[in-house]
Amino acid sequence: MSEEKVTPSNFIRTIIDEHNANGRFGGKVQLRFPPEPNGYLHIGHAKSICLNFGLAADYNGACNLRFDDTNPVKEENEYVEAIKRDIRWLGFDWGEREFYASDYFETLYAYAVKLIKKGLAYVDDLSAEEIRAYRGTLKEPGKNSPYRDRSVEENLDLFERMRKGEFADGEKVLRAKIDMSAPNINMRDPVMYRILHAHHHRTGNTWCIYPMYDWAHGQSDSIEGITHSLCTLEFEDHRPLYDWFLDQLEIHKPQQIEFARLNLTYTLMSKRKLLKLVKEGIVNGWDDPRMPTIAGMRRRGVSPAALRNFSESVGVAKSNSVVDVAQFEFAIRDDLNKTAARAMAVLNPVKLIIENYPEGKTEWLEADNNPEDPSAGKRTIPFGRELFIEATDFMIDPPKKYFRLAPGKEVRLKHAYYVTCSRYETNEAGDVTVIYATYDPATRGGWSDDGRKVKGTLHWLDVRHARDAEVRLYDHLFTTPAPDEARDDEAFYAIINKDSLRVLKDVKVETVLAESAPGTRFQFLRHGYFCADSEDHSPEHPVFNRTVSLKDTWAKKKKK
RNA sequence: UGGGGCGUGGCCAAGUGGUUAAGGCAGCGGGUUUUGGUCCCGCCAUUCCUAGGUUCGAAUCCUAGCGCCCCAGCCA
């Protein structure tokens, strides 16, 4: 079977091909995924991870994992562990190439000294507010700081004393001396170091000055010998600055390439807002199945392959875009259809009694585990006189083209028999409480040779063997396709979907489901894809999360 | 004329002067089906933000507009 993978071209591949052709990096392709350990990875990061690691694999290169941990007040070890777990789960391996920007603090310090000596950096005493005022505006140039022309010796002395801790937070900064009238604001003497008497998750208290991202990032890439430094669009304006640093330092210069970050409808991608959801208890943690985090999706039941295929399918380009979440759901179904074992679960049970079936009798019937994959094998399931079927699979007065159960109508019970509804009972409220039917013994296995047309097929469970379970139905967290457009808290709270989680407590499931290991993914026949919850599921108290429903053209027809 | 980017069907996205303007998602119609699932078939841009121009020939080149996104953290 030659399943040739067609990797669509994109502008990044074109650039790499050009470099390989003209020998810019000697044919070498070295990439990196550079997360800041200040939160959990989300599906947008997944796209970047797949891009970087995927490109490295395709070009016989390598991809480093580097934590950009230059801001101790926001970063924590919990996040680095979570990030590593997520990348591994996604299916990528960085081997020994695990790095931290904090590993380079000493080198970065030396680089800064080098710039000071070249007269290209200076210690500034201006306050944060003053620096902002001196920076000018988008349309007007800034003006030079009065401290801009300190001597190299004074700068060297002051910078050393900054490191030694002689100054308070915010008292001084080290700045690059470039051009306060540059049209690109990033070139107006950007801050390189700030004083922060803070504990760092890796370097502890050895530093009280920390490099700014803009000062650390390019040099970190350079130190690691990165050839192609992929980042998102908003850093396009920073590229001239990174190049300036590298040129002045006269060290290896990677090629930075910017691409558009992933946006999804009905999905929030801002780390700040996701943190808010977690902190305010709007969701149950970073791994809540409604979260777009990799951890949340894992818990929801999304497979790594689905995430990877999706990342591939959305492409890489420079235009801001918002991908329809339906495209993601397609990727999930597409993968799970091939890999998830089928089983029956009755979400809203109602009793079906087969009047002509012997009381007390049990038959064990054969069922395919996955019609898409014969190697998944078969299992046997018990059948008897009293069954549970889905309450929504019966209608007293059905509309045209309804091929489920109704008085006098015949349907197939999957893997079992044809049954015909004879009568039903209701309570005072008019709800159907019991349905009666007769079965045709000649249709064992759910088939007859007489050419009878039975359009409807229902799933069912033997009352005596059915196991109780809890099912959690998830929906979009937001009621609007563009939740990022909420400008303030009021608007934000207003668009939160109150029904994003619905818990079903009276669900009946097959034994295989109840006995499954946490994290196992299934297709609940005719319902959708579900996953045994990794935290709360046990054979004594089975809990399943709905990953995504099956497509439902009947529901669509009904709406019309 | 602050600087930097981007405009191809409802949503993504190939395309780099000569193709009937790929492909996927969504949608619609039909077939198969022991899941109203899957699968299969068909339909879905005479037109590429607009207007001019160059050319035998333009989504691709030129000119002028228009629209959208990003930048004034001692965040990343």
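Numbers restart at 1 for each chain; the letters A, B, ... are given by sequence-line order, proteins then strands. Keep in mind that what you see is a predicted model, and the values were worked out from it rather than measured.
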[options]: which one has an atom nearest the side-chain heavy atoms of [X]?
X        : options             : value
A/Leu550 : B/U33, B/U35, B/C74 : B/U35
A/Asn320 : B/C69, B/G2, B/C74  : B/C69
A/Phe330 : B/G73, B/G24, B/A13 : B/G24
A/Asn184 : B/G36, B/G3, B/A72  : B/G3
A/Asp68  : B/A76, B/G36, B/U35 : B/A76
A/Leu138 : B/A14, B/G5, B/C71  : B/C71

Give one of base, sugar-phosphate or nothing for [X], where a contact means two heavy atoms less than 4.0 Å apart.
X        : result
A/Glu372 : base
A/Leu126 : base
A/Val322 : sugar-phosphate
A/Met212 : sugar-phosphate
A/Phe403 : base
A/Ser127 : base
A/His459 : nothing
A/Pro371 : base
A/Val454 : nothing

Has the side chain of [X] got a donor or acceptor that lies under 3.5 Å from a partner of the other kind on the base of [N]?
X        : N     : answer
A/Asp237 : B/G3  : yes
A/Arg404 : B/G36 : yes
A/Arg342 : B/U35 : yes
A/Gln327 : B/G24 : yes
A/Glu234 : B/G4  : no

For the pair made of [atom1] in [X] and [atom2] in [N], what is the distance, rounded to whole Å?
X        : N     : atom1 : atom2 : value
A/His527 : B/U35 : NE2   : C1'   : 11 Å
A/His200 : B/C75 : NE2   : C1'   : 14 Å
A/Asp214 : B/A72 : CG    : P     : 11 Å
A/Lys318 : B/A14 : NZ    : C1'   : 17 Å
A/His45  : B/A76 : NE2   : P     : 14 Å
A/Lys551 : B/U38 : NZ    : C1'   : 10 Å
A/Phe328 : B/C11 : CZ    : C1'   : 16 Å
A/Glu312 : B/A13 : CD    : C1'   : 12 Å

In whole angstrom, give me the gap between the [atom1] atoms of [N] and [M].
N     : M     : atom1 : answer
B/A64 : B/A26 : P     : 43 Å
B/U63 : B/G10 : P     : 30 Å
B/U60 : B/G9  : P     : 15 Å
B/C74 : B/U16 : P     : 44 Å
B/C69 : B/U8  : P     : 15 Å
B/U46 : B/G53 : P     : 23 Å
B/U35 : B/C44 : C1'   : 28 Å
B/U54 : B/C62 : C1'   : 7 Å

Counting only side-chain N and O atoms of [X], is one of them less than 4.0 Å from OP1 or OP2 of [N]?
X        : N     : answer
A/Arg333 : B/U38 : no
A/Arg239 : B/G5  : no
A/Ser321 : B/A13 : yes
A/Arg132 : B/G73 : yes
A/Thr14  : B/U16 : no
A/Thr553 : B/G37 : yes
A/Arg188 : B/G2  : no
A/Ser319 : B/C68 : no

Q: On RNA chain B, check which nucleotide each of A/Ile185 and A/Gly315 is closest to and give me the residue with the more 5' one.
A: A/Gly315

Q) RNA chain B: A/Val173 or A/Ala260, which has the more 5' nearest nucleotide? A) A/Ala260

Got a salt bridge between [X] and [Y], using NZ or NE/NH1/NH2 to carboxylate O under 4.0 Å?
X        : Y        : answer
A/Glu224 : A/Arg32  : no
A/Asp189 : A/Lys177 : no
A/Glu363 : A/Arg444 : yes
A/Asp169 : A/Arg194 : no
A/Arg202 : A/Asp103 : yes
A/Glu390 : A/Arg526 : no

**Q.** Neighbour count >12 (heavy atoms, 6.0 Å) for atom CZ, A/Arg261
**A.** no

Q. Any chance CH2 of A/Trp554 has more than 12 other-residue heavy atoms, nucleotides or ligands included, within less than 6.0 Å?
A. yes

**Q.** B/G73 glycosidic torsion: syn (within 90° of 0) vs anti
**A.** syn

Q.
Under the criterion side chain to side chain contact (heavy atoms under 4.5 Å, CB included), I'd like the reasoning laid out for A/Tyr213 against A/Asn71: C-alpha separation, chi angles, the key distance, then a yes or no.
A. CA-CA 8 Å; A/Tyr213 173 86; A/Asn71 186 355; over 6 Å; no

Q. Can you check salt bridge (charged side-chain N to carboxylate O under 4.0 Å, His left out) on A/Lys164 and A/Glu160, steps first, answer last?
A. CA-CA 6 Å; A/Lys164 281 182 179 161; A/Glu160 190 180 343; 3.4 Å; yes

Q) Reading RNA chain B 5' to 3', how would its secondary structure be written in dot-bracket notation, given Watson-Crick and G-U pairs with both distances under 3.5 Å, brackets [ ] for crossing pairs and | for partners on other strands? A) .(((((((.[[[..)..(....]]].(((((.......))))).....[[[[[..)....]]]]])))))).....

Q: State yes or no: are the ring centers of A/His19 and A/His228 separated by less than 6.0 Å?
A: yes

Q | Centroid-centroid distance, A/Phe478 to A/Tyr266, less than 6.0 Å | A | no

